[in-house]
Amino acid sequence: MHNFKRHTVTAALPYANGPVHIGHLAGVYIPSDIYVRYLRQKGADVLFICGSDEHGVPITIKARKEGVTPKHIIDKYHSLISNSFKKFGITFDIYSRTSNAIHHETSAEIFKTLYDKNAFIEKENDQYFDEEALQFLADRYITGTCPHCNYEKAFGDQCESCGTSLSPDELINPRSTLSGNIPVKRKTKHWYLPLNQYEDWLKKWIIEEHKTDWRSNVYGQCKSWIDNGLQPRAVTRDLDWGVKVPIENTEGKVLYVWFDAPIGYISATKEFTKDWEKYWKDKDTRLIHFIGKDNIVFHCIIFPAILHTEGSYILPDNIPANEFLNLEGEKISTSRNWAVWLHEYLEEFPGKEDVLRYVLTANAPETKDNDFTWRDFQTRNNSELLAIFGNFVNRTMVLTHKYFNGTIPEVNELTKTEENIIAEIEKFPARIANNLEVFKFREALVQLMNLARLGNKYLTDSEPWKINETNPQHVKTILNIALQICANLAILSKPFLPFTAEKIEKMMNLSPKNWEAAGNISLLMPGHQINQPHLLFEKIDDEAIQYQIEKLKQTQISNQQTMHIDSTPKPNITFEDFAKLDIRTGTITKAEKVAKTKKLLQLEIDTGIDKRTVVSGIAEWFSPGEIIGKKVSVVVNLEPKKLRGIESQGMILMAENPDGKLIFVAPDDTTAINGSTIK
RNA sequence: GGCGAGGUAGCUCAGUUGGUUAGAGCGUCGGAUUCAUAACCCGGAGGCCACGGGUUCAAUUCCCGUCCUCGCUACCA
């Protein structure tokens, strides 16, 4: 085990085209903040780095849509995001942004170094070009008809109607969104990182050297990528928003956003300190990336490959990626507004930053996707944070004021019970720390709560309110120890619940202490005066929860009304155009799954005029058995097309429900005769 | 379909290098208590450890297969 001298901890750069939500917090920022706060409390040399990721096409699209500049968008979200983090007590040493000059210089420099080392492959290929706007078109800047579902506003990279990933070449009738013109193909040159050449190196570094210390989800995902064979990846794009490619004659080309974004960690460090190199180039520095699982490939494979080739940088020692957090059973979605936004939470639950920190840690998606529900949020606040932690501190403080006017009493004779309690207290710092060291934040938090439980049990068992008459000397001992537990809680809860820890410190007149100070009963000296107690947490009532649930329900309703309904009709066609279509009623006579596909069913349809084979992408919604005998509407004069080697001789008409499920568009009356023309 | 990660009490999760009664928190039921935000404390109930085979003296744990969830990937006239 390497003995590291310092830590560089990074948290994934949030993309500056929207606000941040609880999924971001639970997945990346809370665990990283807990870890860093813990390290700092241990007196470690640690740097905590983050910033906004401000390049890439989606930002330019959003800007165009809203009629503002990309700069306007990133400024808006950079400050919104940065603010939310600050208010939640995420203690980055620096929260930078990739639009800064220093980042452009740094990423250009690294690109250039790799370029000079011949680390890239140059490839020339055809790409769509807008002759009016005089620029190459990013995939997102091209719209056209989806070849799969005929949706007319599909993008060059994806059809939002059927969800298919596309390449611009597949689009029917492509158009530039910049000018509306039909784009032309032009040759353009790009650079690729030949990831395939890194396979042996990655195998050794990840598969062999990090088999045991990386989380199984991270390790498994990497292994999957490596085993499946890696492909060269383009590192440049034709775009005018981003880091300019630092080579001559490359006007209009920028670094692909995934290339420059992780370099943002380095440039942010540079911006923060002149000493940045020791945090990135010294073998004694431990580099840790906190990310969500969607980022595994970039942080475990691509970015390390870049750093490795550059040559002077260290590689990450661990990459604790979390899985995803769902909200009330559904995937969190920015575009569908299915989220709890941090800036809204801060307004609706003022002073409850720690409550959310607690709930998201207790329910963190460390090993698998997890679900955030408002009911669970309420229960964890009321029955755990408040009832166990808050209540213990409160009852201890109240008793101290009642019996000793807020002065810490001295410890007298220790019974066996006290000796056991003290021995227990000693174990907690290590117990919590051991879990934090291996990124088990959930379990660490459970241990913290167990300390409060220990305190509650001790008070209840020793009943100072009963023995005050008969044995006042022992009451002093009991309360001293209970108060020492509170002081320990102030220290040990700080990484998790920083605002609460500070409140306890204030109530107890206690100066902040480092981690090693905890684990004993000498934190408060007899005679020390404490302040009046204030409640650390308050009950969250049904009303507040109901309001949040209602809010989500409204979102759901409005989503259902707007989803997938294209409000602009297609251009008019003549009757002659319509008459070209030959749609017949038919009956499904056979159905079977197409081997090795998830969505395809091979159907045999009795169209009244013949029996023919149709391949249809409905397997996700219908099993072969349930649709045999089903009446359907079939386009019988569609040009046949081969799918997965099977010739499809027609198309079945389907409609789509708001939830994405396809339903048959079929004759209302089952007496409809096969072959009857639909007109 | 391929690959990866998961499938353990009502809920959220531990755990098992194969071995006597499978754990925790919350919830639930009962008891005790009143210092404390009806909170705390004690106790009970609640599990074919996804399903089917196999290996073994013994499997929730190992092997094979199946099903379900999530992710990546292919594919969806």
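Sequence lines set the chain letters: A, B, ... in the order given, protein chains first and strands last, and positions in each chain run from 1.
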When Glu366(A) and Asn382(A) are each assigned the nearest nucleotide of RNA chain B, the 5'-most assignment goes to Glu366(A)

**Request:** Would you please classify the geometry between the Phe441(A) ring and the Phe290(A) ring as parallel, tilted or perpendicular, with 30° and 60° separating the classes?
**Result:** tilted

- Hey, does the side chain of Ser216(A) come within less than 4.0 Å of rG6(B)'s phosphate (OP1/OP2), counting only N and O? yes

_Taking rA39(B) as the reference, what is the distance to rG18(B) when you measure between their P atoms (whole Å, please)?_
45 Å

Separation of rG1(B) atom P from Gln602(A) atom CD, nearest Å, is 16 Å

*asked:* Around atom NZ of Lys503(A), are there more than 12 heavy atoms from other residues, nucleotides or ligands closer than 6.0 Å?
replied: yes

Q: Check the surroundings of atom CG in Asp541(A): do more than 12 heavy atoms from other residues, nucleotides or ligands lie under 6.0 Å from it?
A: yes

For nucleotides 22-36 of chain B, 5' to 3', base contacts (B), sugar-phosphate-only contacts (S) and non-contacts (-) with protein non-hydrogen atoms under 4.0 Å give ---SSS------SBB

Gap in Å between the two P atoms, one belonging to rU69(B) and one to rC64(B), rounded: 23 Å

Separation of rA39(B) atom P from Phe537(A) atom CZ, nearest Å, is 16 Å

Applying side-chain hydrogen bond (donor to acceptor under 3.5 Å, both in side chains) to Asn318(A) and not counting sequence neighbours gives none

For Lys427(A), the salt bridge (charged side-chain N to carboxylate O under 4.0 Å, His left out) test, sequence neighbours excluded, returns Glu424(A)

Rounded distance in Å between the C1' positions of rC63(B) and rU55(B):
7 Å

Paired with Asn322(A), the side chain to side chain donor-acceptor pair (under 3.5 Å) test is passed by just one of Arg215(A), Lys293(A), Glu366(A), namely Arg215(A)

Practice prompt. For rG46(B) versus rG27(B), give the span between their C1' atoms, rounded off to a whole number of Å.
Written response: 11 Å

Looking only at atom P, what distance separates rA50(B) and rU60(B), rounded to whole Å? 9 Å

Check your understanding: If we only count heavy atoms from C-beta on, is the Lys590(A) to Gln602(A) side-chain gap below 4.5 Å?
Key -> no

Closest of rU37(B), rC70(B), rC40(B) to the Ala387(A) side chain is rC40(B)

Separation of rC11(B) atom C1' from Phe372(A) atom CZ, nearest Å, is 15 Å

Judged by nearest nucleotide, the residue sitting upstream toward the 5' end of RNA chain B, Leu638(A) or Phe324(A), is Phe324(A)

_Suppose you measure atom P in rG1(B) against the same atom in rA9(B); what distance do you get, rounded to whole Å?_
27 Å

- Tell me what Leu653(A) touches on the nucleic acid: a base, only sugar-phosphate, or nothing, going by heavy atoms under 4.0 Å. nothing

Review point. Under 4.0 angstrom, heavy atoms only, what part of the nucleic acid is Asp461(A) near: base, sugar-phosphate, or nothing?
Key: sugar-phosphate

**Report entry** Spacing of the P atoms in rC49(B) and rU8(B) (rounded, Å)
**Finding:** 11 Å

Check whether any side-chain nitrogen or oxygen of Arg375(A) sits under 4.0 Å from OP1 or OP2 of rC11(B), and answer yes or no. no

| message | It should be established whether Lys440(A) places a side-chain nitrogen or oxygen under 4.0 Å from OP1 or OP2 of nucleotide rA14(B). | response | no

Rounded to whole Å, the CG-C1' distance (Leu325(A) to rC70(B)) equals 13 Å

Next item on the list: Could you check whether Thr373(A) gets within reach of a base, just the sugar-phosphate, or nothing at all, counting any heavy atom under 4.0 Å?
Entry: nothing

Of the candidates rC3(B), rA14(B), rC41(B), the side chain of Ser224(A) sits closest to rC3(B)

Glu323(A) atom CD is separated from rU12(B) atom P, nearest whole Å, by 16 Å

Taken to the nearest 0.5 Å, the spacing of Thr460(A) OG1 from Arg395(A) CZ works out to 4.0 Å

Mind checking the P distance from rC57(B) to rC75(B)? Whole angstroms is fine. 50 Å

Across all chains, not counting sequence neighbours, the side-chain hydrogen bond (donor to acceptor under 3.5 Å, both in side chains) partners of Gln221(A) are none

In whole angstroms, the gap separating C1' of rU69(B) from CG of Asp369(A) amounts to 9 Å

Exercise for the section: May I ask you to say what Val635(A) touches in the nucleic acid, namely base, sugar-phosphate or nothing, with a heavy-atom cut-off under 4.0 Å? Expected result: nothing

note: Ile301(A), atom CD1; rC72(B), atom P; distance rounded to Å ~ 15 Å

N/O donor to acceptor pairs below 3.5 angstrom from side-chain atoms of residues 442-452 of chain A, sequence neighbours left out:
residue: Arg442(A); atom: NH1; partner: Ala364(A); partner atom: O; Å: 3.0
residue: Glu443(A); atom: OE2; partner: Gln447(A); partner atom: NE2; Å: 3.1
residue: Asn450(A); atom: OD1; partner: Arg453(A); partner atom: NH1; Å: 2.9

- Task: Report the relative orientation of the aromatic rings in Phe372(A) and Trp374(A); use parallel for angles under 30°, tilted for 30 to 60°, perpendicular for over 60°.
- Result: perpendicular

In whole angstroms, the gap separating C1' of rG6(B) from CG of Asn217(A) amounts to 10 Å

Intra- and inter-strand pairing of RNA chain B, written as dot-bracket with Watson-Crick and G-U pairs under 3.5 Å and | for the latter, reads (((((((..((((.....[...)))).((((.........)))).....(((((..]....))))))))))))....

- prompt: When the ring planes of Phe303(A) and His289(A) are compared, do they come out parallel, tilted or perpendicular, using 30° and 60° as the limits?
  reply: tilted

Does Lys368(A) put a side-chain nitrogen or oxygen below 4.0 Å from OP1 or OP2 of rG71(B)? no

